[in-house]
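Quick notes on the structure that follows.
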Amino acid sequence: MYEAFFHLARSPFDLTPDPTCFVPTRRHNEALAALYYGIRRHKGFVVLTGEVGTGKTLLLRCLLGLLKESKDVSYAYVFNGRLTPTEFLQYILADFGLPVSGKNKSDLLFDLGKFLLVRGSRKMTTVLIVDEAHHLSSDILEEIRLLSNLETDNDKLLQIVLVGQPELNEKLDSDGLRQLKQRIAIRTHLGSLDADETQQYIEQRLQIAGGIQDPDPLFSAETTAAVFRHSRGLPRLINTICDNALITAYARRLTNITPDVIEDVAKDFRLDVACSPNKKALSFELSDTERVTGLLLELCATLLRPVPNGSDSRMPAVLEASER
């Protein structure tokens, strides 16, 4: 739509996790190196966490590209963990190319164990990668721990990579999963970009899309600073803001993206609206609690108050209070 107007060969800020658009920032390189090292060195359990929009899935696509270059590596990639334990095993075996039809759980485990032993005897690497792992139930996480028991005296037969949002850490910290937590060999976290990395990210995405170096850049330093402020350094939000900024500038026939355009886009996407509890609803909840507490205290005081002389001693104090 706007590519020709800005002399670009392609859209520079697509939201799809395309490895050809990967910008190797320091933190992304470190995370990718940690994952690859853990797999190739047969460390067993590797965990990657990161906030929403930090580029975890794109990093995984880059990892899978590296693994495909090695003929001795076979992997199963699970991107939806909302399965029963048996469905989870079926999915893994099917992704490894093993038959699963008509087989119960014990059959699946037997076939998987045999498959891993054969590959292990040939010094081959077998990997299970689970994206969105923060959605996994405790039962499936326990199944994954048990799969790590498939090992020889000197080697881990199955390399397991768990990737998810910070909620995954909370699950792994639970007492019921302490055995799994203790088996994690490598742990890495993917954070958001800083201001300099955000500018580098935007410039490299434009270069990948065919943009040329220009004394008058498409995104000035002031503009990239506005992008960083509204995106908080999250690559997904950077892509959304920049892509819509290009559309807006194209519609207005602007040859450069100005900070005003970024402000307009941020306003349209309500990026200045913080996620916070409903204060009005919260005040209602507090007033309701205070009112109920007051009634209970009044009731207790009434029950404890002695019955005055001359009153009907057979009438319970609580009934007198209710009549008043």
Side-chain angles (χ1 to χ4, degrees), residues 19 22 24 26-50 54-79 81 88-89 91-93 95-96 109 112-136 138 140-174 176-191:
F22 177 66
R26 175 187 57 81
R27 63 197 68 213
H28 284 79
N29 276 339
E30 290 175 355
L32 183 58
L35 295 178
Y36 189 73
Y37 172 81
I39 290 171
R40 297 305 288 170
R41 292 291 183 176
H42 289 200
K43 292 295 184 178
F45 265 109
V46 181
V47 173
L48 167 67
T49 55
T54 49
K56 299 183 297 299
T57 300
L58 176 56
L59 199 71
L60 277 185
R61 296 291 175 87
C62 295
L63 175 66
L64 295 179
L66 291 174
L67 297 179
K68 287 177 182 177
E69 295 176 0
S70 303
K71 295 183 179 180
D72 66 324
V73 177
S74 178
Y75 64 82
Y77 176 46
V78 181
F79 56 87
F88 186 75
L89 287 173
Y91 188 101
I92 294 171
L93 268 69
D95 215 20
F96 281 136
L109 289 171
L112 178 59
K114 186 166 63 174
F115 173 75
L116 294 175
L117 283 170
V118 170
R119 289 185 58 82
S121 66
R122 297 173 181 172
K123 305 299 181 182
M124 304 177 85
T125 300
T126 311
V127 191
L128 168 62
I129 300 173
V130 185
D131 198 1
E132 302 290 331
H134 53 280
H135 289 311
L136 296 177
S138 297
I140 290 186
L141 285 170
E142 178 62 13
E143 288 289 342
I144 291 174
R145 183 190 71 81
L146 293 173
L147 289 179
S148 67
N149 289 331
L150 297 169
E151 57 187 5
T152 62
D153 292 341
N154 54 14
D155 194 21
K156 300 284 187 181
L157 297 177
L158 182 63
Q159 314 312 310
I160 301 171
V161 179
L162 300 181
V163 181
Q165 295 172 17
E167 291 85 349
L168 175 60
N169 287 328
E170 297 175 10
K171 286 192 173 185
L172 295 175
D173 288 339
S174 64
L177 294 173
R178 63 188 182 279
Q179 294 184 62
L180 172 56
K181 182 180 179 179
Q182 291 175 6
R183 296 191 182 195
I184 297 171
I186 295 177
R187 224 168 166 160
T188 184
H189 181 77
L190 195 59

Problem set entry | Interatomic spacing from CG in Leu117 to CG in Leu112 - rounded to 0.5 Å | 9.5 Å
Seminar exercise, completed: When Leu147, Leu158, Val130, Ile144 are each screened for side-chain contact (heavy atoms from CB on, under 4.5 Å) with Ile92, the one that passes is Leu147
For this session: State whether the side chain of His28 and the backbone N or O of Thr54 hold a donor-acceptor pair below 3.5 Å, judged by distance alone.
Result: yes
Exercise. Where do Glu142 and Arg145 land on the salt bridge (charged side-chain N to carboxylate O under 4.0 Å, His left out) test, with the steps shown first?
Worked result: CA-CA 5 Å; Glu142 178 62 13; Arg145 183 190 71 81; 2.5 Å; yes
Problem set entry | Minimum heavy-atom distance Leu180-Leu141, with the two atoms named | CD2-O, 3.8 Å
For this session: Start with the C-alpha gap between Arg26 and Glu30, add the side-chain angles, then the distance that decides, and say whether salt bridge (charged side-chain N to carboxylate O under 4.0 Å, His left out) holds.
Result: CA-CA 6 Å; Arg26 175 187 57 81; Glu30 290 175 355; 3.4 Å; yes
Problem set entry | Verdict with reasoning, Asn169 to Arg187, per side chain to side chain contact (heavy atoms under 4.5 Å, CB included) | CA-CA 10 Å; Asn169 287 328; Arg187 224 168 166 160; 2.8 Å; yes
Problem set entry | Leu157 and Thr126: CA distance, side-chain angles, deciding distance, side chain to side chain contact (heavy atoms under 4.5 Å, CB included) verdict | CA-CA 7 Å; Leu157 297 177; Thr126 311; over 6 Å; no
Problem set entry | Side chain to side chain, Arg183 and Asn149, heavy atoms closer than 4.5 Å | yes
For this session: Indicate yes or no: at least one non-hydrogen side-chain atom of Leu67 is less than 4.5 angstrom from one of Tyr36.
Result: yes
For this session: Nearest 0.5 Å please: distance from the NE2 atom of His135 over to the CD1 atom of Ile140.
Result: 12.5 Å
For this session: To the nearest 0.5 Å, tell me how far Lys43 NZ sits from Gln159 CD.
Result: 10.5 Å
For this session: List the steps, then state whether side chain to side chain contact (heavy atoms under 4.5 Å, CB included) holds for Tyr37 with Val46.
Result: CA-CA 10 Å; Tyr37 172 81; Val46 181; over 6 Å; no
For this session: State, to 0.1 Å, how close Glu151 and Lys156 come at their nearest heavy-atom pair, and which atoms those are.
Result: OE1-NZ, 2.8 Å
Exercise. Would you call the rings of Tyr91 and Phe79 parallel, tilted or perpendicular, where under 30° means parallel and over 60° means perpendicular?
Worked result: perpendicular
Exercise. If we only count heavy atoms from C-beta on, is the Asp173 to Lys181 side-chain gap below 4.5 Å?
Worked result: yes
Exercise. Going by heavy atoms in the side chains, are Ser70 and Thr125 under 4.5 Å from each other?
Worked result: no
Problem set entry | Side-chain touch Lys56/Gln165, heavy atoms, less than 4.5 angstrom | yes
Exercise. Are Leu35 and Leu59 side-chain neighbours, meaning at least one heavy-atom pair lies under 4.5 Å?
Worked result: yes
Exercise. Counting N and O atoms only, with roles assigned by atom type, does the side chain of Lys171 sit under 3.5 Å from a partner on the main chain of Leu136, one being a donor and the other an acceptor?
Worked result: yes
Exercise. Between Asp95 and Tyr77, does any side-chain donor sit less than 3.5 Å from a side-chain acceptor?
Worked result: no
Exercise. With a 4.5 Å limit on heavy-atom distance, are the side chains of Thr49 and Leu162 in contact?
Worked result: no
Exercise. CG of Leu150 to NZ of Lys114: how many Å apart, nearest 0.5 Å?
Worked result: 14.0 Å
Exercise. Got Asp72 and Arg40 here, is their nearest side-chain heavy-atom distance under 4.5 Å?
Worked result: yes
Problem set entry | Check against side chain to side chain contact (heavy atoms under 4.5 Å, CB included), Phe115 and Leu93 | CA-CA 9 Å; Phe115 173 75; Leu93 268 69; over 6 Å; no
For this session: Enter the distance from Leu58:CG to Leu63:CG here, rounded to the nearest 0.5 Å.
Result: 11.5 Å
Exercise. What heavy-atom pair brings Ala31 and Leu48 nearest, and what distance separates the two atoms?
Worked result: CB-CD1, 4.3 Å
Problem set entry | Residue pair Leu177 / Ser138: nearest heavy atoms and the distance that separates them | CD2-O, 4.2 Å
Exercise. What closest approach, in Å, do Ser148 and Phe45 show between heavy atoms, and which atom pair accounts for it?
Worked result: CB-CE1, 3.5 Å
For this session: Looking only at non-hydrogen atoms, find the nearest pair between His134 and Gly164 and report the distance.
Result: ND1-CA, 3.5 Å
